[in-house]
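First listed ligand is number 1; within each ligand, the first listed atom is number 1.
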Amino acid sequence: MGQKEAKILDGKALAQKIQERLKKTTATLTPKVGRPPGLAVLMVGDNPASAVYVRNKERACSQVGIASFGKHFPADITQKELEEAIALLNQDERVDGILIQLPLPEHLDSVALLNSINPDKDVDGLHPLNLGRLVRGEPGLRSCTPAGVMALLAEYQVNLAGKQAIVIGRSILVGKPLALMLIAENATVVLAHSRTLDLPSLTRQADIVVAAVGKPGLIQPEMVKEGAIVIDVGINRVSTPEGKFRLVGDVEFTSVAKVAQAITPVPGGIGPMTVAILLENTIKSYTNSGK
Ligand code: NAD
């Protein structure tokens, strides 16, 4: 077992650095373009976790000079009404980015709604056109959370070429796009999921372990190779003995930090990076709109 504590990969600090840079960009471009960049975050219903994420995103927008066109719809809104709202935002020239806060209530078809967003305004990178561009290795808007993981690895100059990486979780939001992004950086990637057999034997071979599952304590120290880099995407609310809640990831942080070379904390790791990349994507589509 390693004697040294792992280095903390500080997503909060990098997110702040990115937001400082974006703030300067918007300050320079807003007078030239004649309007600030605009982002519309759409929320349906009253999921408390979603409400926190939406508030964080809108607060971050105002800090860097992005105008918010967010809308909060009642839980019983119809598919048609939401599609009409998205169609209006697609045409609205003040809006560069549209994001649907997931998950949506059961009666709504989220795939159809995501597909109705103008791909040029798809700042969450979930439209088939943008996912297709990712598969092909072409430029395009990339999903915020996996792009945030990649930006954090780049900041700490983690060399991925030829390395063994394992991504645990195969969602379209995180695991699948992240596996493709790691491949694009020449890592050799294993994509594990709920039906994977003998996960520990796979994680133990990996130089880079990414957990994106949503299960506290999934990654234990004996599953991690000494000197590996561990990225914890999971966000789980667990209750404390005092009857409160705290946020933890999928990695048993304290014990894994004794084995790993570097590790992301939760909170303060990939969460803030996701927001920073969302803002970056919004400004990317603002500058690409050629106005
Ligand atoms: P999801 O529920 O869509 O997918 C979970 C994945 O985990 C599935 O692919 C499933 O096959 C896999 N899985 C389930 N049990 C497993 C097991 N025992 N072993 C291996 N794999 C298993 O979730 P998601 O949307 O991809 O999110 C994953 C986690 O990341 C959640 O905790 C979520 O809150 C968090 N998240 C964080 C951010 C962020 O900004 N940090 C953003 C998105 C999601």
Measure the shortest side-chain to side-chain distance between [X] and [Y] over non-hydrogen atoms and say whether it is less than 4.5 angstrom.
| X | Y | value |
| --- | --- | --- |
| Glu185 | Leu182 | no |
| Ile168 | Ile219 | yes |
| Lys57 | Gln101 | yes |
| Leu9 | Ile263 | no |
| Ser171 | Val174 | yes |

Out of all atoms in ligand 1, which are within 4.0 Å of some heavy atom of [X]? Include the element for each.
| X | result |
| --- | --- |
| Gly271 | 40 (O), 41 (N) |
| Ile168 | 20 (C), 21 (N) |
| Gly214 | 29 (C), 31 (C), 32 (O) |

Please state which protein non-hydrogen atom is closest to [atom] and give its distance, to 0.1 Å?
| atom | result |
| --- | --- |
| atom 25 (O) of ligand 1 | Leu173 CD2, 3.7 Å |
| atom 5 (C) of ligand 1 | Val213 O, 3.5 Å |
| atom 11 (O) of ligand 1 | Ser194 N, 3.0 Å |
| atom 34 (O) of ligand 1 | Ile235 O, 3.4 Å |
| atom 44 (C) of ligand 1 | Val174 CG2, 4.0 Å |
| atom 35 (C) of ligand 1 | Val233 O, 3.5 Å |

- Item | CA sep, side-chain torsions, deciding dist, call: Gln16, Glu20, side-chain hydrogen bond (donor to acceptor under 3.5 Å, both in side chains) | CA-CA 6 Å; Gln16 272 163 7; Glu20 283 306 316; over 6 Å; no
With heavy atoms and a 4.0 Å threshold, my read on which part of Thr145 contacts ligand 1 is side chain
With heavy atoms and a 4.0 Å threshold, my read on which part of Thr274 contacts ligand 1 is side chain
Going by heavy atoms, is Gly175 under 4.0 Å from ligand 1?
no
| task | Report yes or no: does a heavy atom of Ala192 sit under 4.0 Å from some atom of ligand 1? | result | no
Of Gly234, Ser171, Cys144, the residue with the heavy atom nearest atom 1 (P) of ligand 1 is Ser171
Looking at His193, Lys215, Arg195, the heavy atom closest to atom 20 (C) of ligand 1 belongs to His193
CG (Leu89) and CG (Leu42) are apart, to the nearest 0.5 Å, by 6.0 Å
Checking Leu39, Ile66, Thr30 against Tyr286 for side chain to side chain contact (heavy atoms under 4.5 Å, CB included), the one that qualifies is Thr30
Hey, is CD on Glu138 packed in by over 12 heavy atoms from elsewhere, all under 6.0 Å? yes
Practice item. Using distance alone, determine whether Arg170 and ligand 1 share an N or O pair under 3.5 Å. Key: yes
Examine Gly169 against ligand 1 and note whether any of their N/O atoms are separated by less than 3.5 Å. no
TODO: Under the side-chain hydrogen bond (donor to acceptor under 3.5 Å, both in side chains) rule, what do Asn288 and Asp120 come out as? Steps first, then yes or no, please.
DONE: CA-CA 9 Å; Asn288 284 348; Asp120 293 336; over 6 Å; no
| field | Check against side-chain hydrogen bond (donor to acceptor under 3.5 Å, both in side chains), Ser255 and Glu252 | value | CA-CA 6 Å; Ser255 50; Glu252 195 66 59; 5.0 Å; no
